[in-house]
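In what follows, chains carry the letters A, B, and so on, assigned in the order in which the sequence lines appear, proteins first and then strands, with residues in each chain numbered from 1.
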Amino acid sequence: MTRALSVTREENFPEWYLSVVRDADMAESSAVRGCMVIKPWGFGVWELIQRELDQQIKDTGHENCYFPLFIPLRFIAKEAQHVEGFAKEMAVVTHHRLKSIDGVLQPDPEAKLEEPLVVRPTSETIIGDTFQRWVQSYRDLPLLINQWANVVRWEMRPRLFLRTAEFLWQEGHTAHADGDEAMAETRLMLDVYRRFCEDFLAMPVVAGEKPENERFPGAVSTYSVEAMMQDGKALQAGTSHYLGTHFAEAQNIRYQTAEGGVALCHTTSWGVSTRLVGGVIMTHGDDDGLRLPPAIAPKQVVIVPMLRGKPEDEAVLDFCEALRRQLAAVGLRAAVDKKQIKSADKRWNWVRRGAPVIVEVGPRDVAAGVVTFMRRDRLRDGDKVISANAGLDDFVGGAAALLADIQANLFNEAKARLDTNLRSDLKTFADIAAYFGAAAADDADSFKGWVRAPWCKPTGAALEQVEERLKALKLTIRNAPLGQSGPYGACVFTGAPGVEDILIARAY
RNA sequence: CGGGGUGUAGCUCAGCCUGGUAGAGCGCUAGCUUUGGGAGCUAGAAGCCGGAGGUUCGAAUCCUCUCGCCCCGACCA
């Protein structure tokens, strides 16, 4: 069986993932450990994610700002849990000048900063410091701000897109007069993320609240949207935090109430990152490479002219260019691949990159006024590549609907996988342990999916115990799905009466 | 920061044990043939063998030190 990639998902999922990232021209690792170069095709996907999400963030009343990359060390120190959460992965700037000493270029000892600066791992503190000055009166609230930025977290185990030392994201930060409003904001943005993942990335997610031990450092409550990858692991695709008054207390974000008193603001923060691109790859990719949902495909229809270095090439190119213009005229992102390589190679390059529709045009098509095309979501029947023919006008007229169908099909496929592999019939921890193959170490990477089960929502030391037991099976609690209602069975960890359902899964 | 591995052409790697001065595949360049579908043949460009020191007539190969990277653990959007 000839596939476009040299490794299949079944053989080795992590290797398959790397192979898609590489062969689809998404990104590559760089000279800087843990930092990646995002290539045009990968960045194009991110740009589309950015464009759409930016609009949705604005539509919900937020405005964009930009805050500094550097944060004074003392700012980080202000919120105790925040420090603890991020201290171990912080890049620190200590000097402002280089000097050649004994022929070695190094930080000039004379140019040491009085106070070190950290490269932002997230911006709660610097934004809180700003909010403190911006918020005076209840009339200044709510303050609804977002920024698109890069952040740095010195990760020990980087993986392209999924976990890199530097990554791109948006971080929303808001301040509110009271807790109810801040909580509503937290939940609103979580819902924006859920809809965005489903409608735009065609990636079904489960929105829910994180258990206490998985909370953002400094948050009162953390919510996430979790997506199931094709190896059954969970990917946290986005988070939204209700920060209570923790940061307001640490940074003195207060306002005068209508009654003349002084009150602390309730703040929120929420973000999604370039990790989404990794999620798209692991949700939709197949053994021929990436499959991009049309909504985030930088090129939705790629036209490959079959050129042979003969006089009729010119007519083929003219035909392709005319087709491209017609597709552009109906609002689609179309391109003609004029690169001087064999057309069969071009086709497979676009298959690997996941262009939703690939059109091939040869002299015979031109003569007959038809196009031959493949849809990437249904590339093969068995091993055979499926291609279809359509008259030029029919193809152009139906292209938008075709793309919509591809988008829907990718979502439905992923949704069916999520539904099929989310089990809720395991009643005890022993069942769960057996299901995830506790004994068989070599079984650790085989597909398992998620388990939904009731628990008694322990806290503190009791929760730590639960965490330990799960950890032995490489499992984590992903979240407690929203919108659930009892009655609940017995807690799978303790047998005590359950108070809510949680999702248990291996995770990225 | 613990345990293991590895560094040779753009990429993947062989050669190292048993020192004699550089190889393969893919990719790249050119030419010819082929082409309704991931082609073949021929020719070619490309590496002071991670770095420093040592042993030796001679080091990719042996020794010492050093740096980088990868995998497994602790941490993680």
Side-chain angles (χ1 to χ4, degrees), chain A residues 2-7 14-15 18-19 22-23 28-34 84-90 120-123 149-159 161-171 193 210 213-217 219 222-227 234-241 269-279 288-289 304-310 312-313 316 340-352 358-368 370-372 374 379 383-385 387 389 441 444-445 471-472 474 476 507-508:
Chain A
T2 310
R3 296 287 170 173
L5 300 182
S6 54
V7 57
E15 209 173 294
L18 288 174
S19 155
R22 184 183 62 242
D23 291 351
E28 59 190 37
S29 51
S30 71
V32 185
R33 185 197 141 80
E84 199 184 327
F86 287 110
K88 279 170 285 184
E89 47 188 19
M90 214 81 91
R120 62 179 165 220
T122 179
S123 303
N150 56 340
V151 288
V152 168
R153 296 179 188 176
W154 213 261
E155 296 291 349
M156 296 282 80
R157 233 178 250 305
R159 288 190 75 186
F161 288 113
L162 299 175
R163 201 182 304 110
T164 46
E166 177 191 17
F167 57 94
L168 307 181
W169 76 346
Q170 59 67 217
E171 48 179 326
Y193 290 156
K210 285 286 194 188
N213 58 315
E214 301 264 352
R215 262 179 217 146
F216 174 77
T222 286
Y223 296 83
S224 71
V225 286
E226 304 279 334
L235 181 78
Q236 181 170 304
T239 51
S240 187
H241 316 288
S269 67
W270 27 273
V272 299
S273 70
T274 35
R275 169 177 262 199
L276 287 178
V277 178
D288 289 305
V304 176
M306 318 294 295
L307 304 176
R308 302 186 208 175
K310 293 184 176 167
E312 62 261 35
D313 282 1
V316 171
Q340 297 276 321
I341 56 174
K342 286 178 57 75
S343 38
D345 290 336
K346 284 195 271 199
R347 172 216 274 205
W348 287 103
N349 285 342
W350 290 110
V351 165
R352 277 185 284 265
I358 301 166
V359 177
E360 295 181 325
V361 176
R364 245 180 262 167
D365 298 311
V366 174
V370 302
V371 298
T372 303
M374 287 159 287
L379 185 68
D383 287 350
K384 199 164 164 279
V385 172
S387 62
N389 289 296
D445 289 325
K471 199 171 173 182
K474 296 191 172 186
T476 57
Y508 277 96

Compare the minimum distances between each of [options] and the side chain of [X], then state the nucleotide with the smallest one.
X      : options             : answer
A:K342 : B:G38, B:A77, B:A39 : B:A39
A:R308 : B:U35, B:C75, B:A77 : B:U35
A:R352 : B:G37, B:G38, B:C75 : B:G38
A:Q236 : B:G36, B:G38, B:A77 : B:A77
A:R153 : B:C69, B:A77, B:G38 : B:A77
A:D345 : B:C75, B:G38, B:G36 : B:G38

Sugar-phosphate only, base, or nothing, as touched by [X] at under 4.0 Å among non-hydrogen atoms:
X      : result
A:S273 : base
A:A4   : base
A:R159 : nothing
A:T372 : base
A:P363 : base
A:G362 : base
A:T164 : base

From [atom1] of [X] over to [atom2] of [N], roughly how many Å is that when rounded to an integer?
X      : N     : atom1 : atom2 : result
A:I358 : B:G36 : CD1   : C1'   : 16 Å
A:M306 : B:G38 : CE    : C1'   : 11 Å
A:R33  : B:C71 : CZ    : C1'   : 12 Å
A:D23  : B:G38 : CG    : C1'   : 13 Å
A:R364 : B:G37 : CZ    : P     : 9 Å
A:L5   : B:G38 : CG    : C1'   : 13 Å
A:E166 : B:A77 : CD    : C1'   : 14 Å
A:K210 : B:A77 : NZ    : P     : 7 Å

Identity of whatever pairs with [N] - Watson-Crick or G-U, under 3.5 angstrom:
N     : value
B:C32 : B:G40
B:C75 : none
B:A46 : none
B:A9  : none
B:C65 : B:G51
B:G27 : none

Using only atom types and a distance under 3.5 Å, with no angle test, would you say the side chain of [X] pairs donor to acceptor with the backbone of [Y]?
X      : Y      : answer
A:R275 : A:L162 : yes
A:E28  : A:R22  : no
A:R153 : A:E89  : no
A:D365 : A:V371 : no

Exercise for review: Might you confirm whether atom CH2 of A:W154 has over 12 heavy atoms from other residues, nucleotides or ligands at distances under 6.0 Å?
Suggested key: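 Incorrect, the count does not exceed 12.
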
Nearest-Å distance once atom [atom1] is located in both [N] and [M]:
N     : M     : atom1 : answer
B:U6  : B:G25 : P     : 25 Å
B:A46 : B:A24 : C1'   : 15 Å
B:C26 : B:C62 : C1'   : 33 Å
B:G19 : B:U56 : P     : 16 Å
B:A9  : B:A45 : C1'   : 11 Å
B:U55 : B:G47 : P     : 30 Å
B:C67 : B:G50 : C1'   : 8 Å
B:U29 : B:G10 : C1'   : 13 Å

Measuring only between side-chain heavy atoms, which start at C-beta, is [X] closer than 4.5 Å to [Y]?
X      : Y      : result
A:T222 : A:E214 : no
A:T239 : A:F216 : no
A:R215 : A:H241 : no
A:V32  : A:E166 : no
A:K346 : A:P305 : yes

Point to revise | Base B:G38 paired with A:R347 side chain (donor-acceptor, <3.5 Å) | key: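 Not at all, since no donor on one side and acceptor on the other fall under 3.5 Å apart.
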
Review point. For the base of B:G38, is there a side-chain donor-acceptor partner from A:N349 under 3.5 Å away?
Key: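 No, no donor-acceptor pair under 3.5 Å.
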
Point to revise | 5′-ward residue of the pair A:W169/A:K310 relative to RNA chain B | key: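 Here A:K310 is the residue nearer the 5' end.
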
Exercise for review: Would you mind telling me which residue lines up with the more 5' stretch of RNA chain B, A:A507 or A:G34, judged by nearest nucleotide?
Suggested key: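 That would be A:G34.
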
Exercise for review: Using a strict 4.0 Å threshold on nitrogen-to-oxygen distance, state whether A:E312 and A:R364 make a salt bridge.
Suggested key: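 So A:E312 does not pair with A:R364 through a salt bridge.
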
Review point. Would you say B:G73 has OP1 or OP2 under 4.0 Å from some side-chain N or O of A:K474?
Key: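 Yes, such a contact exists.
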
Check your understanding: Under 4.0 Å between a side-chain N/O of A:K471 and OP1 or OP2 of B:C75, yes or no?
Key ->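 Yes, within the criterion.
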
Please produce a list of atom pairs where a protein N or O lies less than 3.5 Å from an N or O of nucleotides 8-13 of chain B.
none

